[in-house]
Number of protein chains: 2
Amino acid sequence: MTDRLPHTLRSDASDNRERILDAARALFATEGLKAPMREIARHAGVGPATLYRRFPTKQMLATEAFTDEMRACRAIVDEGRAEPDPWRGFCLVIEKTCELHARSRGFTEAFMSTFPDAMDFVAEREYALRSIAELAHRAKDTGHLRPDFVLDDLVLMLMANRGIHTTSKAARVAASRRFAALVIQAFQASPQHSPLPPVARLAPAAPAAPAAPAAPGKIT
Amino acid sequence: MTDRLPHTLRSDASDNRERILDAARALFATEGLKAPMREIARHAGVGPATLYRRFPTKQMLATEAFTDEMRACRAIVDEGRAEPDPWRGFCLVIEKTCELHARSRGFTEAFMSTFPDAMDFVAEREYALRSIAELAHRAKDTGHLRPDFVLDDLVLMLMANRGIHTTSKAARVAASRRFAALVIQAFQASPQHSPLPPVARLAPAAPAAPAAPAAPGKIT
DNA sequence: ACGCTAACGGACGCCCCCGTCCACTTTGGC
DNA sequence: GCCAAAGTGGACGGGGGCGTCCGTTAGCGT
């Protein structure tokens with residue numbers, strides 16, 4: 001007797017499913033969550049209907065696509081909490097989180113945005129925030145984290161980090177790294193300067209070079 | 001003899017022009033530069049054709065609409081340079097600039113975005129950046145600004161500041177204020193803590209309160 | 001080898017935004 | 001008051017994304 005409930009996907013189906021997820025990850029990372037469903041389907045080499053049957057809504061697709069990042073996020077905070085020195089753990093969390101978010105524009109949007117319906121991210125984010133709150137409390141006790149630090153400061157930092165856009169992903173990661181270092185400088189109670197990561201070349205050059213002629217730069 | 005060149009607008013025309021600019025300022029501030037032209041026209045109580053004849057492209061509209069902000073921006077850096085204490089001037093520039101950008105989402109986009117064609121913002125931004133570079137140089141000489149500060153750090157800060165979104169404009173300004181204070185903490189060479197501005201209520205509350213039921217929170 | 005059925009993708013209708021054209025209305029000099 | 005020209009707004013065609021339907025293909029159990 002065959003399984004009446006097709007909980008197991010057909011071979012081509014699961015194959016397509018994987019390619020869809022790969023395409024979604026790639027496009028979400030570069031274009032953000034606003035990447036058109038059609039584009040994802042095209043990039044995966046499937047028709048729109050296939051995409052929509054597998055993932056009826058963009059939320060579901062994003063949830064599945066960002067499972068890895070979600071796991072990495074949880075791993076980061078757990079690792080930070082496990083660190084013997086709370087302040088060191090706190091810094092690690094900030095650095096790694098910034099880098100993680102810098103690597104995928106879409107993940108940041110999904111992580112920050114509050115989806116009341118069915119998105120698992122909310123619970124995950126709350127867990128992360130609560131964990132960091134506890135870590136921050138311990139870090140304050142050691143006197144390394146400034147006493148007036150508030151958990152919202154970390155949310156502020158995440159929101160700020162998402163504003164960092166550059167041309168290439170590498171540049172964005174580098175910029176985020178330096179940003180994280182600056183933020184840590186701002187958060188520590190007894191301020192002793194540690195060297196900052198190198199600056200990445202940002203989009204608008206400082207001197208009056210009239211920018212690259214490549215980008216048409218439409219305003220839309 | 002009447003003026004053959006209608007360099008002077010008819011009364012109703014200039015009236016509409018003002019209303020269009022007001023509407024554009026309001027919508028650009030809340031919705032950002034992506035606000036539909038139709039919406040601006042509707043909000044101004046005119047037809048689309050009127051809007052398009054007065055401002056053939058969104059760039060021209062934005063340029064005109066943000067003249068005040070642009071002037072304010074220049075005033076801020078000039079004021080900062082005039083300050084006797086360079087570090088104090090530097091801090092003033094950061095604080096005021098963050099607040100200015102927090103007040104209008106659209107202005108930030110226009111200011112940061114690099115429009116090769118016809119946008120006056122580029123020159124204005126370059127002037128501001130060069131001025132701040134000089135100010136930063138002096139602030140370094142006094143020993144208040146950390147020596148490894150780079151002008152790109154300021155661009156980084158501006159990009160980060162634009163990532164701060166909240167529900168209300170007041171909350172955004174407050175959040176930006178605190179952010180600016182943190183950034184200044186990170187930038188100063190001999191770190192002595194000054195009290196931070198109060199935290200504003202950010203969008204996602206720290207405890208597990210399941211958010212306001214108001215926003216449907218669509219992902220698109 | 002066969003056939004049942006899950007799975008596929010092209011095609012459709014919908015809506016929103018864009019930029020332009022044109023017939024009607026208003027202004028302001030005489 | 002008159003009337004030419006400046007000004008106006010509704011309407012139009014184009015383009016793109018969205019979510020769904022349906023005739024066809026191909027996996028897989030027998």
Side-chain angles (χ1 to χ4, degrees), chain A residues 1-24 27-28 30-62 64 106 109 115 117-118 216-220, chain B residues 1-24 27-28 30-64 106 109 117-118 216-220:
Chain A
M1 181 185 287
T2 67
D3 282 346
R4 280 290 158 242
L5 301 206
H7 268 175
T8 160
L9 248 42
R10 229 168 66 177
S11 70
D12 55 344
S14 75
D15 208 50
N16 279 339
R17 185 190 147 88
E18 270 322 301
R19 279 189 310 174
I20 288 176
L21 281 175
D22 284 343
L27 283 181
F28 281 158
T30 61
E31 309 293 327
L33 240 44
K34 67 174 175 47
M37 292 291 257
R38 305 310 255 252
E39 192 64 22
I40 296 174
R42 208 172 307 131
H43 196 269
V46 302
T50 302
L51 172 55
Y52 276 111
R53 176 150 9 83
R54 216 47 77 202
F55 308 96
T57 173
K58 197 181 272 189
Q59 287 191 16
M60 300 186 190
L61 177 57
E64 294 270 358
E109 294 175 30
F115 305 128
D117 22 334
K218 287 281 295 180
I219 194 178
T220 293
Chain B
M1 178 185 288
T2 68
D3 283 345
R4 280 289 158 245
L5 300 207
H7 267 177
T8 160
L9 250 39
R10 228 169 66 177
S11 68
D12 55 346
S14 75
D15 209 49
N16 280 339
R17 185 188 147 89
E18 271 322 302
R19 279 208 314 248
I20 288 176
L21 282 176
D22 283 344
L27 283 181
F28 282 159
T30 60
E31 309 293 326
L33 239 45
K34 66 175 174 48
M37 293 289 259
R38 305 309 255 249
E39 192 63 21
I40 296 174
R42 207 170 308 131
H43 196 268
V46 302
T50 304
L51 171 55
Y52 276 109
R53 172 148 14 84
R54 215 48 77 201
F55 309 97
T57 172
K58 197 180 272 189
Q59 287 190 18
M60 300 187 189
L61 177 56
T63 307
E64 295 271 357
E109 293 175 30
D117 22 331
K218 287 283 295 179
I219 195 176
T220 294

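Everything numeric in this text was worked out from a predicted model, so none of it was measured. Lettering of chains follows the sequences in order, A, B, ..., and the numbering in each one begins at 1. We use all heavy atoms of the structure for the numbers below, so side chains are in, but hydrogens, waters and symmetry mates are not.
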Interatomic distance, [X] [atom1] vs [N] [atom2] [rounded to whole Å]:
| X | N | atom1 | atom2 | result |
| --- | --- | --- | --- | --- |
| A:Leu9 | D:dG27 | CG | P | 14 Å |
| B:Arg19 | D:dG9 | CZ | C1' | 13 Å |
| B:Arg42 | C:dC18 | CZ | P | 10 Å |
| A:Leu51 | D:dG17 | CG | C1' | 13 Å |
| A:Leu61 | D:dC18 | CG | P | 11 Å |
| A:Asp15 | D:dC28 | CG | C1' | 16 Å |
| B:Ile40 | C:dC17 | CD1 | P | 12 Å |

Of the options [options], whose atoms approach the side-chain atoms of [X] most closely?
| X | options | answer |
| --- | --- | --- |
| B:Ser11 | C:dG19, C:dT27, C:dA7 | C:dT27 |
| A:Met37 | D:dG19, C:dC18, D:dG10 | D:dG19 |
| A:Tyr52 | D:dG19, C:dT20, C:dA7 | D:dG19 |
| A:Lys58 | D:dC18, D:dG9, C:dG10 | D:dC18 |
| B:Ala49 | D:dC18, C:dC21, D:dG27 | C:dC21 |

To the nearest 0.5 Å, tell me how far [X] [atom1] sits from [Y] [atom2].
| X | Y | atom1 | atom2 | answer |
| --- | --- | --- | --- | --- |
| B:Thr63 | B:Phe55 | OG1 | CZ | 10.0 Å |
| B:Glu39 | B:Leu51 | CD | CG | 11.5 Å |
| A:Arg54 | A:Glu18 | CZ | CD | 11.5 Å |

Can you check whether [X] has a side-chain N or O nearer than 4.0 Å to OP1 or OP2 of [N]?
| X | N | answer |
| --- | --- | --- |
| B:Thr50 | D:dG7 | no |
| A:Asn16 | C:dC8 | yes |
| A:Arg53 | D:dT20 | no |

Tell me what B:Arg17 touches on the nucleic acid: a base, only sugar-phosphate, or nothing, going by heavy atoms under 4.0 Å.
->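 No contact.
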
Examine the base of D:dG19 for any acceptor or donor lying under 3.5 Å from a partner atom in the side chain of A:Arg38, and report the outcome as yes or no.
->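 Checked by distance alone, the answer is yes.
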
Is there a donor on the side chain of A:Arg10 or the base of C:dA7 sitting less than 3.5 Å from an acceptor on the other?
->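 In this structure, the two groups form no donor-acceptor pair.
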
Steps toward side chain to side chain contact (heavy atoms under 4.5 Å, CB included) verdict (B:Ile40, B:His43) = CA-CA 5 Å; B:Ile40 296 174; B:His43 196 268; 5.7 Å; no

Residue mapping more 5' on DNA chain D - nearest nucleotide basis, A:Asp12 or B:Asp12 |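 That would be B:Asp12.
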
Is there a donor-acceptor contact under 3.5 Å from the side chain of A:Lys58 to the main chain of A:Leu33?
->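 Present.
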
